[in-house]
Amino acid sequence: MSDATPQVTPETASAPAPEETVFDPPIAISALDLAALLCSRVCHDVVGPVGSIVNGIEMLEDERAADMHEAALEFIAKSARQASARLQFTRLAFGAAGSAGAQLDLGDAEQVTRGMIEDEHTRVEWLLPRAFQPKNKVKLLLNVILLAAAAVARGGVIRVAPLGAGDDMGFELAARGPRANIPARDMALVAGEVPSGGLAAQVIQPYYTGLLAQACGMVVRFGHEPDVVTLTVAAK
């Protein structure tokens with residue numbers, strides 16, 4: 001992991017021009033703790049649909065609920081698709097996904113993003129070209145997409161567009177939806193700040209996003225307008 005100091009800029013509605021903030025030391029967590037917290041985060045993402053599958057199987061085994069078997073099968077199928085989508089996404093967003101220095105296809109990133117994010121309430125507009133990009137850069141994109149999805153928790157549209165082209169391409173995301181917002185806590189975590197109570201699985205993802213930005217030599221900036229949150233990922 002790089003020892004360079006992260007430079008990630010939170011921008012709020014009251015501050016139209018972003019200001020870069022430098023944090024030192026850049027890493028306030030051991031590699032072992034980081035791995036453990038990320039594993040906890042992945043388990044949290046998957047345990048819901050897996051638990052639903054177990055509940056559906058119990059319904060099938062209950063002879064008194066024979067009239068519910070068709071509904072149980074549909075419930076199991078839906079939950080299995082959710083579990084698969086979340087595993088495929090987290091494998092790319094948090095996992096090794098190839099050897100060091102490997103490149104990942106943005107087309108694969110689109111596929112796992114749609115499976116993870118899209119539902120009856122949320123839609124993804126993917127405008128990125130089908131191209132290979134460095135592994136950590138694609139992982140950074142997927143983690144920023146998670147922040148955008150959290151910003152429109154009530155549903156909306158997440159637009160993912162290129163910023164520049166080629167090897168120097170960055171990303172520009174716009175999350176539109178009712179009361180779209182990114183908590184100041186998450187922006188601070190991306191910037192490398194650690195909460196007074198320490199890092200926990202519930203907040204490790206924004207912090208990990210900042211570490212990825214640092215490793216890629218990129219900066220994450222936030223913008224906010226009524227019902228719209230923008231996230232820009234660009235080279236320092």
Side-chain angles (χ1 to χ4, degrees), residues 6 8 10 34-35 37-49 82-97 104 106 108-119 121-128 133 135-161 163 170-177 179-193 195 199-216 218-224 228-233:
V8 185
L34 177 62
L37 291 173
L38 286 175
C39 285
S40 294
R41 165 62 196 248
V42 172
C43 290
H44 175 271
D45 286 346
V46 177
V47 71
Q82 288 179 343
S84 176
R86 294 185 183 190
L87 282 171
Q88 291 181 58
F89 184 94
T90 53
R91 173 180 172 270
L92 288 186
F94 302 133
L104 300 179
L106 289 176
D108 292 338
E110 176 186 6
Q111 182 178 359
V112 299
T113 294
R114 292 192 184 280
M116 177 76 171
I117 303 298
E118 287 192 320
D119 57 23
H121 303 294
T122 306
R123 181 167 56 89
V124 175
E125 291 184 356
W126 190 274
L127 304 179
L128 298 180
Q133 291 287 321
K135 176 178 67 175
N136 280 346
K137 192 174 178 181
V138 177
K139 288 160 66 72
L140 173 59
L141 168 63
L142 294 176
N143 275 269
V144 173
I145 287 172
L146 285 178
L147 296 177
V152 287
R154 296 173 177 83
V157 179
I158 300 173
R159 183 176 185 268
V160 186
L163 193 63
F171 311 107
E172 187 173 61
L173 285 73
R176 300 176 181 272
R179 300 183 184 178
N181 181 59
I182 290 185
R185 179 200 69 179
D186 287 356
M187 290 190 285
L189 285 161
V190 174
E193 288 187 349
L199 289 166
Q202 295 87 343
V203 299
I204 193 60
Q205 189 271 324
Y207 187 81
Y208 181 63
T209 302
L211 294 181
L212 285 170
Q214 168 191 312
C216 295
M218 305 189 83
V219 179
V220 180
R221 292 185 174 89
F222 300 88
H224 186 253
V228 182
V229 167
T230 58
L231 303 95
T232 303
V233 183

Residues in side chain to side chain contact (heavy atoms under 4.5 Å, CB included) contact with Gln88, at least two apart in sequence or another chain: Ser84, Val112
To the nearest 0.5 angstrom, please state how far the CG atom of Leu146 sits from the CD1 atom of Ile117. 5.5 Å
Using a 4.5 Å cut-off on heavy atoms from C-beta on, say whether the side chain of Thr230 contacts that of Glu172. no
Verdict with supporting geometry, Val138 and Asp108, side chain to side chain contact (heavy atoms under 4.5 Å, CB included): CA-CA 10 Å; Val138 177; Asp108 292 338; over 6 Å; no
Residue that, paired with Lys139, satisfies side-chain contact (heavy atoms from CB on, under 4.5 Å) out of Asn136, Leu142, Leu141: Asn136
By side chain to side chain donor-acceptor pair (under 3.5 Å), which residues pair with Ser40, not counting sequence neighbours? none
Show the nearest heavy-atom pair for residues Ala151 and Ile182, with the distance to one decimal. CB-CG1, 3.6 Å
State which residues pass side chain to side chain contact (heavy atoms under 4.5 Å, CB included) with Ala180; sequence neighbours excluded, sorted by chain then number. Val152, Val229
Residues that Ala153 engages under side chain to side chain contact (heavy atoms under 4.5 Å, CB included), provided they are two or more places apart: none
Give me the atom names and distance for the closest heavy-atom approach of Phe89 to Thr113. CE1-OG1, 3.9 Å
Restricting to salt bridge (charged side-chain N to carboxylate O under 4.0 Å, His left out), what partner residues turn up for Arg123, sequence neighbours left out? Glu125
Does the side chain to side chain contact (heavy atoms under 4.5 Å, CB included) test come out yes or no for Arg159 and Leu127, once each step is laid out? CA-CA 8 Å; Arg159 183 176 185 268; Leu127 304 179; 3.2 Å; yes
CG (Asp119) and CD (Gln82) are apart, to the nearest 0.5 Å, by 9.0 Å
Kindly compute the distance separating CG (Leu106) from CD (Gln111), expressed to the nearest 0.5 Å. 13.0 Å
Enter the distance from Leu38:CG to Tyr207:OH here, rounded to the nearest 0.5 Å. 11.5 Å
What pair of heavy atoms forms the shortest contact from Leu173 to Ala148, and how long is it? CD2-CB, 4.1 Å
Do Ile145 and Trp126 pass the side chain to side chain contact (heavy atoms under 4.5 Å, CB included) test, and can you show the C-alpha distance, the side-chain angles, and the key distance before you say yes or no? CA-CA 11 Å; Ile145 287 172; Trp126 190 274; 3.7 Å; yes
What is the distance from atom NZ of Lys137 to atom CG of Leu212, rounded to the nearest 0.5 Å? 13.0 Å
With sequence neighbours excluded, residues passing side chain to side chain donor-acceptor pair (under 3.5 Å) with Arg114: Glu110, Glu118
Tell me, please, which residues at least two apart from Val233 pass side chain to side chain contact (heavy atoms under 4.5 Å, CB included). Leu140, Val144, Phe171, Met218, Val220
What one should report as the nearest heavy-atom pair of Ala200 and Leu37 is C-CD2, 3.8 Å
Residues which pass side chain to side chain donor-acceptor pair (under 3.5 Å) with Thr209, listed by chain and number, not counting sequence neighbours: Gln205
For Asp45, the side chain to side chain donor-acceptor pair (under 3.5 Å) test, sequence neighbours excluded, returns Arg41
With heavy-atom distances below 4.5 Å as the criterion, would you say the side chains of Met187 and Val190 are in contact? no
